[in-house]
Amino acid sequence: MTDLEELLADLLRKAVDRRRHVRHGLAGVATVDGSWSWTSAYGVLDPEGTVATADARYPIASVTKLFTAVVTMKLFETGRLRMDDRMVDVLSSEVAFGLHVLDDADRTGEITVEHLLGHTSGLADYYGGAPPGEESAEARLLSGQDAPMPFDDVLKTVRAMKPHFPPQPAGPGKRRAKYSDTNYQLLGAVLEKTTHQSLAELFDQMIF
């Protein structure tokens with residue numbers, strides 16, 4: 001192991017050890033031209049003490065929001081998408097209805113690309129929250145139930161939950177914001193519908 005690789009491994013160990021609720025970490029570094037790369041893992045993967053390895057499965061989680069935001073802004077720059085485009089004008093009626101019902105008023109039609117991008121839609125969070133009497137997707141994942149949540153299930157869950165606040169007005173001035181994974185699930189669907197490409201294809205083409 002080179003001095004640089006030992007330094008990186010030490011940084012990984014410290015990053016895991018200093019955090020009480022973090023049990024393992026995986027890291028990878030590479031040069032832009034691909035002439036050198038390094039990967040490593042540290043810690044345990046499960047309560048049984050399985051040692052972490054660099055090829056272990058792990059949740060990439062909200063890192064993909066960065067990619068989705070970049071693609072959104074690239075489409076905006078080229079004029080294929082506007083910040084004030086309404087979600088309901090892009091997605092099918094089967095998708096974009098009843099997602100934001102507050103005080104007996106359905107405000108789903110007010111939600112724009114800007115609302116989704118900046119978490120100002122007020123939409124309930126399907127991941128961290130749950131309908132009354134149900135367990136959240138986050139709680140299920142942390143308990144070991146590592147299972148996908150299809151988009152249709154996301155929509156069904158959100159329709160059964162109460163929004164946080166009305167979609168916020170655009171422009172300068174104070175606006176409420178609430179982090180919600182629902183926003184980026186819907187934003188991803190808007191991107192796919194607008195371009196007729198999957199998110200994976202868009203990430204590969206426009207970022208990677």
Side-chain angles (χ1 to χ4, degrees), residues 15-26 41-53 55-69 72 87-88 91-111 115-168 176-193 198-200 203:
V16 173
D17 288 342
R18 75 167 64 104
R19 290 171 172 82
R20 178 183 173 192
H21 297 293
V22 175
R23 298 181 181 89
H24 65 269
L26 292 79
Y42 174 73
V44 295
L45 294 173
D46 52 41
E48 287 71 42
T50 305
V51 176
T53 59
D55 60 354
R57 291 180 63 203
Y58 67 97
I60 194 169
S62 293
V63 170
T64 53
K65 287 187 176 68
L66 301 176
F67 304 154
T68 302
T72 300
M87 177 181 69
V88 295
L91 303 180
S92 67
S93 58
E94 289 80 12
V95 171
F97 79 91
L99 296 172
H100 194 304
V101 179
L102 188 62
D103 298 327
D104 297 322
D106 188 349
R107 298 176 179 269
T108 308
E110 300 175 22
I111 298 173
H115 286 130
L116 300 176
L117 186 66
H119 295 287
T120 57
S121 69
L123 285 165
D125 182 12
Y126 81 91
Y127 179 69
E134 296 185 21
E135 193 175 32
S136 71
E138 180 181 32
R140 295 198 301 273
L141 176 64
L142 293 176
S143 70
Q145 301 176 50
D146 187 5
M149 189 167 185
F151 187 55
D152 287 346
D153 288 352
V154 169
L155 300 178
K156 181 180 177 182
T157 299
V158 173
R159 290 190 183 105
M161 298 174 68
K162 183 180 179 181
H164 298 290
F165 46 77
Q168 298 296 284
R176 298 178 69 183
K178 179 77 173 179
Y179 189 92
S180 172
D181 292 276
T182 305
N183 288 310
Y184 273 67
Q185 284 275 2
L186 291 165
L187 185 57
V190 167
L191 299 181
E192 291 184 333
K193 190 74 172 179
S198 69
L199 272 183
F203 291 167

Using the side-chain hydrogen bond (donor to acceptor under 3.5 Å, both in side chains) criterion, which residues pair with [X]? Sequence neighbours excluded.
X	result
Y42	D17
H115	T112
T53	D55
S93	none

**Message:** I need the full list of ring pair (Phe, Tyr, Trp, His ring centres under 6.0 Å) pairs touching residues 118-139, with sequence neighbours left out, sorted by first then second residue.
**Reply:**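 Residue pairs passing ring pair (Phe, Tyr, Trp, His ring centres under 6.0 Å), neighbours aside: H119-Y179, H119-Y184.
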
Pairs in or reaching into [range]: which pass salt bridge (charged side-chain N to carboxylate O under 4.0 Å, His left out), with residues at least two apart or in two chains?
range	value
residues 95-107	R107-E110
residues 91-102	none
residues 151-160	none

**Request:** Please name all residues satisfying side-chain contact (heavy atoms from CB on, under 4.5 Å) with K193, sequence neighbours left out, ordered by chain then number.
**Result:**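 Result, side-chain contact (heavy atoms from CB on, under 4.5 Å) vs K193: V90, L91.
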
**Request:** Quick one: list whatever passes side-chain contact (heavy atoms from CB on, under 4.5 Å) with R19, sequence neighbours left out.
**Result:**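 Checked R19 against side-chain contact (heavy atoms from CB on, under 4.5 Å); matches are A15, V22.
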
Can you tell me how far the [atom1] atom of [X] sits from the [atom2] atom of [Y], to the nearest 0.5 Å?
X	Y	atom1	atom2	result
L187	D181	CG	CG	12.5 Å
R176	H164	CZ	NE2	9.5 Å
N183	T68	CG	OG1	11.5 Å
S62	F67	OG	CZ	11.5 Å
T157	Q185	OG1	CD	10.5 Å

**Check: T182 side chain, A124 main-chain N or O, donor-acceptor pair, under 3.5 Å** =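 Judged by distance alone, yes, a pair lies under 3.5 Å.
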
**Message:** Taking F165's backbone N and O only, do any of them form a donor-acceptor pair with H100's side chain (distance below 3.5 Å, no angle check)?
**Reply:**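 Yes; judged by distance alone, with no hydrogens or angles, the pair exists.
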
**Asked** Going by heavy atoms in the side chains, are L123 and L186 under 4.5 Å from each other?
**Response**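 Yes, at least one pair of side-chain atoms sits under 4.5 Å.
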
**Prompt:** Residues in salt bridge (charged side-chain N to carboxylate O under 4.0 Å, His left out) with R57, at least two apart?
**Reply:**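 Residues passing salt bridge (charged side-chain N to carboxylate O under 4.0 Å, His left out) with R57: D146.
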
Just distance, no hydrogens or angles: give the donor-acceptor pairs under 3.5 Å from side chains in residues 128-138, sequence neighbours left out.
| unit_1 | atom_1 | unit_2 | atom_2 | d |
| --- | --- | --- | --- | --- |
| S136 | OG | A139 | N | 3.0 |

**Message:** Taking NZ in K65 as the centre, count heavy atoms belonging to other residues, nucleotides or ligands within less than 6.0 Å. Is the count above 12?
**Reply:**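 Counting other residues, nucleotides and ligands, NZ of K65 exceeds 12 neighbours.
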
